[in-house]
Structure formats: C-alpha cells, structure tokens
Amino acid sequence: MSPVRRLRRFRRAELPVDTVELARFLIGKVVVRNLKFGRLIGRIVETEAYPIGDVAGHAFRGKTPRNGSLFLERGHAYVYFGYGSSFLLNVSSERPGVGGGVLLRAIEPLEGIERMVRWRGKTKPADIGRGPGRLTKAIKVDLHQDGSDLCAPGPLWLGATTQATGAIGKSVRIGLTRNAQRLLRFYERGNPHVSGPKRLRQ
DNA sequence: TTGGCGATTGGCT
DNA sequence: GCCAATCGCCAAT
C-alpha cells in the first residue's frame, strides 16, 4: 500500500474508444468514491472486457431497462445485481448507442481502508476488494450509481495517480460458459488483490 | 406465468 | 476445492 499522489480525474477524451483497450488501460488506474464521511480510493488491478457482439456480454441481446447504461458514451457506470447477492460495477466502453462494458473485478485499497473493512465485515486484508461483488461492497456501490458519469466530479469517478503499474497479464474471463475461450481478462501480475485461482494471477 | 440460469460469495471439507 | 444460497432476468410455455 502506498500514499495516493497527484490524484487527478480522467477527461472522457483520455479513455480509449474500444472496450478491450479500455479494459487494459484501466489496470493501475483508480476508482474514487466520495461519501459524506470522506473519500475511498481503490487501485484497479483486474478487469474484464465485454466487447461489441460478445455473447457473454449483457449488451448482446440489445438495450433493455436493465442494461441501458452499457449503451451510454464510454465512461459511465453500469451496475447490476447478480446471483441474488452481489452488485457488479462496469464502465461503459463504446460510442453512444453502442453496447459494451468493462467489468471491474478487483481493487487494491489505497485510501479509506478502515471504512471498507467495516462494510465488508470480517475478512483478510487482501480480500477487501478481491472479486467484483466484494469490490462494490467495499466502496459502497449499488444500483444508485447505475448510469452515473465516471468522468465528472461527483460521488464516483475514475482517475490516475503517479504510482507505476506493474506487468499486465492477460487470461480467459472468470465464471463464464458462453464465449469463455477469449483472452479478455487483464490484471496486474502477482498483485495479491487480484481474484481467481493462482494460475490466473501470475 | 414459469423454470432455468448466471460477469458470485462465504462457509465448510 | 466444493457447494448451497439467493433472486432478477428472459426465453419458452
């Protein structure tokens, strides 16, 4: 864990206009959650791309009330409730009207760790933001944030610090049955906050 | 109207 | 590592 230096929010123009490129780009960047009590910051260490035409993606069958945020211009939040238990946070990733998203699968806590631990309950430090459902629980994200602009000042946004990013690994995505063979998962190699089995973390 | 299933988690072996 | 819990979505009835 290291102090957060020279934190700045992204302008939308800085985000790649392509789902897979954005998924890779976001490794090592940070997600900032502003709450009444203060600020929570997590460093993104694992993502998955759900590009245009991907049968495993929620945008595949077209726009519905549930997945509408995936069709917003890149840099908006798409949050959904999965498996009857967890909220999952995505970043919309294509042009307006085109469906695509990047799932944020894991963060390394940088700021507000005590608060994250309180909301997560009893857990190992490495597990605070390790997994997409744990991540949202740690930074208090739910359906209220669905559709919000992550490139605007406000309760939830994406940014960068000066901290260097380690080697980036690439693998199959986790937990899929359809279209499971494509290498669309990105992660910082060896980072203990990355989810999945050991072979998918190194 | 209904049944199967999923971008998961936590507890137990 | 395995498995049950949990519930909204959607395709098929």
Side-chain angles (χ1 to χ4, degrees), chain A residues 18-27 31 42 44-72 74-94 98-109 116-147 150 156 158 169-188 192-202:
Chain A
D18 176 90
T19 301
V20 180
E21 285 180 35
L22 180 64
R24 175 183 276 274
F25 173 87
L26 287 176
I27 300 298
V31 56
I44 299 167
V45 294
E46 181 186 357
T47 63
E48 282 178 357
Y50 290 86
I52 298 170
D54 174 16
V55 295
H58 288 184
F60 181 71
R61 290 177 192 78
K63 192 174 170 180
T64 67
R66 176 210 191 193
N67 69 13
S69 301
L70 281 177
F71 293 77
L72 296 173
R74 70 191 190 284
H76 286 80
Y78 164 55
V79 182
Y80 79 96
F81 183 60
Y83 286 104
S85 57
S86 308
F87 294 101
L88 281 74
L89 172 62
N90 298 250
V91 181
S92 69
S93 52
E94 295 288 339
V98 178
V102 172
L103 171 68
L104 303 188
R105 284 197 56 93
I107 53 170
E108 173 184 348
M116 294 185 197
V117 168
R118 190 182 314 170
W119 288 318
R120 281 276 289 108
K122 185 169 181 280
T123 185
K124 292 190 298 184
D127 286 345
I128 294 171
R130 184 172 178 270
R134 293 166 170 176
L135 179 160
T136 56
K137 198 169 178 185
I139 63 173
K140 256 186 138 50
V141 163
D142 59 26
L143 294 181
H144 290 105
Q145 282 72 48
D146 182 44
L150 303 176
L156 186 66
L158 294 169
K170 190 183 191 181
S171 81
V172 294
R173 294 172 292 182
I174 292 177
L176 300 192
T177 54
R178 292 174 302 190
N179 208 6
Q181 79 291 355
R182 297 178 68 185
L183 302 180
L184 295 175
R185 171 176 174 270
F186 299 93
Y187 57 97
E188 184 172 56
H193 298 87
V194 172
S195 77
K198 190 176 287 182
R199 69 191 163 80
L200 293 182
R201 288 189 263 134
Q202 53 200 11

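Protein chains get the first letters and strands the later ones, always in sequence-line order, with residue 1 at the start of each. Both backbone and side-chain heavy atoms feed into the values below; hydrogens, waters and symmetry mates do not.
Regarding A:Tyr78, its OH atom lies at a distance of 10 Å from the P atom of B:dA7, rounded to whole Å. Here the P atom of nucleotide C:dG8 and the CG atom of A:Asp146 are 15 Å apart, to the nearest Å. A straight line from CZ of A:Phe87 to P of C:dT6 spans 16 Å, rounded to a whole angstrom.
Geometric assessment of A:Arg173 against the ring of A:Tyr50 yields a positive cation-pi assignment under the 6.0 Å and 45° thresholds.
The backbone N or O of A:Lys124 lies less than 3.5 Å from no partner atom in the side chain of A:Asp127, so there is not a single donor-acceptor pair. The main-chain N or O of A:Val79 is found under 3.5 Å from a side-chain atom of A:Asp146 such that the two form a donor-acceptor pair.
Not one side-chain nitrogen or oxygen of A:Thr64 sits closer than 4.0 Å to the OP1 or OP2 atom of C:dC9. Not one side-chain nitrogen or oxygen of A:Arg61 sits closer than 4.0 Å to the OP1 or OP2 atom of C:dC9.
The minimum heavy-atom distance between A:Leu88 and A:Asn90, with the atom names listed, is O-ND2, 3.8 Å. Closest of all the heavy-atom pairs between A:Pro109 and A:Met116 is CB-SD, 3.7 Å.
Within the shown strands, nothing qualifies as a pairing partner of C:dT13 under the Watson-Crick or G-U definition with both distances less than 3.5 Å. Nucleotide C:dT6 forms a pair with no other nucleotide shown, judged by Watson-Crick or G-U wobble geometry with both contacts under 3.5 Å.
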Contact string for nucleotides 8-13 of chain B, one letter per nucleotide 5' to 3', B = base within protein heavy-atom range under 4.0 Å, S = sugar-phosphate only, - = neither, reads BSS---

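For the side chain to side chain donor-acceptor pair (under 3.5 Å) criterion with A:Ser195, the lone passing option out of A:Arg130, A:Glu46, A:Arg134 is A:Glu46.
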